[in-house]
Amino acid sequence: MASSSTRPIVTLEGHEPYVIHYPEGKHHEYKNVSSISYFPDGKQMISGSGDKTIRRWNLRDGKEIEKARGVCENRINAVGVSRDGRWVVAAGWQLKVSEVETGIVRTFNEGDWIDCIDISADSTLLASAHFRTVRIWNLNTGEIVAGPFNLDDHNVGHISLRFSEDSRKLAVMSYWKPYVLQVWDVQTQKLVVQKSTPDILPMHLTVPVFWTTKDKSIVTAFTFTRYFPTTIYEFDASTLKTVGAPFKGDTDFITNLALSHDSVLLASSSFDAIKLWAFQSRQLLASFDVTFQILSLVLSPDSRQLAYTNWDNTNIYICNIPANVLASIGLAEEPQPSFDVIPRPVHCKPVIVPIVSSIPRPLPTRDPRTFKQFLRNLLSSRMDTVRTGVPRDPLDFPATSPLPRPLINPNGNSRSTPAPLTTQSPFTSHSHRLSMRWPFRTRQALPAIDVVDVPLAPAKLRYAAAGAPSNDDDSLIRDEDYVPPPSHNPGSRSGSVNTGEHGKGRFCFCL
């Protein structure tokens, strides 16, 4: 596959060159950022440099969060962020652990030059490597819980290490002479298995080592000859025998590696290129030219971005993984946030919602044509009720609706007796409910209603009770002498005059 170049979407600038003084008065100026690490949300990054600063970056605007900057007494070799985002670790001449939420900084170790660190997946343990000694710390208490693991005398120089996903094993890779890959049991603190190469020239770089999914295997750059490692191998975690085919395609020796959390995408770097691989198929997906040798290389937590530093300057470069590479590993391309353009607010037109009045509409006029149209509209709006086929209780109406008017007999003022319930079709029952609610004329005759008169008490007794003066006008008819007219209903019972005494009139119901 032909190489191409990729343009960084953001460049983080801020770290400064630093000077290292050597014996006999010699010194040299360096321009690089030694280590970088993403926060779990992928929106921030931590970096450490020989300028003795630990800096945190906001990746949305590409600027440093200056209030979170840390300053150390000596240069920084390695930094790391726990997967829960709680801890930030910086290592160099001192091993410092900072709690992000509180800002409290603790010094775990001082006086040992630490080259490499790793934080366990459960964010509880910290491993550090110094010379040929490895220790494991408890992040909450700051105490050593395992180690020191004393490596062989030939395992000196640059060391890389990595916890397994279950935090029970620790893989250690030493790039000196010879190259040695080891697996240690954290609990028993014993060496489980190791693999070494012939005695070759030492390499002054540290290539990371990774565990794959479910801790079945280990991935790193290795060699079986007397030359620098130019091939990436996968080893069985229990035997360290090679698994599958190696990753072929590099001609220069490997300087760095980065493996996604799901072990799907692998990134590697050499002196002048960055390559992307499909881990399972070993297929080379893309290759990009770089201007100088890569020093630090990491993938974002979602595997959609790649960040790196080099030996030539103090910048941090962040690039998007190409869309065709994401598609080949089963990741759909998502729009990336812009670091230069501030999104403008979107103004939407207001939605006008019609307001329906809760006041009932006036009843239609008695004109037959107007009434028929009103009835059609009313029935069409309630067809969902009619189609159910279930008779509806006449008293079942919303509490906010006005009460229905009673049907009044034109010959009296008494209330009609409701008709007994009968089995009717939905349409007939609905029409009946309409006739009971509105007093309009219909062709159906109204039922006969008995007209009665219930006097309260004789007039003289009412006047006396109220304290009113008596009225002896003979032209007025007293209640006691009033005789009601004959009833309009032939079937009604014959009435008698109420004399005001119990048991004497037909309206007394005393027993």
Compare all side-chain heavy atoms of V207 with those of P229 and state whether any distance is below 4.5 angstrom.
no

Within the distance-only criterion (no hydrogens, no angle test), does the side chain of N256 pair as donor or acceptor with the backbone N or O of I294 below 3.5 angstrom?
no

Could you check if a side-chain atom of V243 sits within less than 4.5 angstrom of a side-chain atom of K216, using non-hydrogen atoms only?
no

Considering all heavy atoms of both residues, which atom of A307 and which atom of M45 are nearest to each other, and what is their separation?
CB-CE, 3.6 Å

Could you go step by step and tell me if W93 and E73 meet the side-chain contact (heavy atoms from CB on, under 4.5 Å) rule?
CA-CA 8 Å; W93 187 250; E73 297 179 2; 5.6 Å; no

Determine the minimum heavy-atom distance between A221 and L257, stating which atoms define it.
N-CD1, 3.7 Å

Considering all heavy atoms, the nearest N310-T291 contact:
ND2-OG1, 4.3 Å

Check: S268 and I232 side chains under 4.5 Å, non-hydrogen atoms
yes

Intermediate values then yes/no, side-chain contact (heavy atoms from CB on, under 4.5 Å), N320 and Q305
CA-CA 5 Å; N320 283 336; Q305 290 182 341; 3.4 Å; yes

Contact check, side chains of F247 and L284, non-hydrogen atoms, under 4.5 Å:
no

Would you please classify the geometry between the Y18 ring and the Y30 ring as parallel, tilted or perpendicular, with 30° and 60° separating the classes?
parallel

Contact between I329 and F279 at the side-chain level, heavy atoms closer than 4.5 Å - yes or no?
no

Parallel, tilted or perpendicular: which describes the rings of F235 and Y233, with under 30° parallel and over 60° perpendicular?
tilted

Can K214 and E165 be counted as an ion pair, charged N to O under 4.0 angstrom?
no

Evaluate the side-chain proximity of F163 to D122: yes if any heavy-atom separation is below 4.5 Å, no if none is.
no

Without hydrogens or angle criteria, can the side chains of E234 and S217 be said to hold a donor-acceptor pair below 3.5 Å?
yes

Quick check against the 3.5 Å criterion: does S82 have a side-chain atom that pairs as donor or acceptor with the backbone of S123?
no

Closest non-hydrogen contact found for C319 with Y308 is SG-CE2, 4.0 Å

Is the shortest side-chain N to carboxylate O distance from K190 to D185 below 4.0 Å?
no

Heavy-atom side-chain contact between W277 and L259 under 4.5 Å
no

With side chains defined as the heavy atoms from C-beta onward, is the minimum distance between L95 and W137 less than 4.5 Å?
yes

Kindly assign one of parallel, tilted or perpendicular to the pair W57 and H15, based on the angle between their ring planes and the thresholds 30° and 60°.
tilted

In short, R75 meets K52 closest at the heavy-atom pair N-CG, 3.9 Å

Picking from L297, I36, T314, what satisfies side-chain contact (heavy atoms from CB on, under 4.5 Å) with T309?
I36

Using distance alone, with no hydrogens and no angle criterion, decide if S263 and T212 have a side-chain donor and acceptor under 3.5 Å apart.
no

Can a donor-acceptor pair be found, under 3.5 Å and without considering hydrogens, that links the side chain of N77 to the backbone of I114?
yes

Could you check whether T255 and S269, counting side-chain N and O atoms only, form a donor-acceptor pair closer than 3.5 Å?
yes

Tell me if a side-chain donor or acceptor on R162 pairs with a main-chain N or O of M173 at a distance below 3.5 Å.
no

Out of the candidates I46, I117, V88, only one should pair with V79 under the side-chain contact (heavy atoms from CB on, under 4.5 Å) rule; please name it.
I46

Heavy-atom closest contact (L191 atom, W184 atom, distance)
N-CE3, 3.5 Å

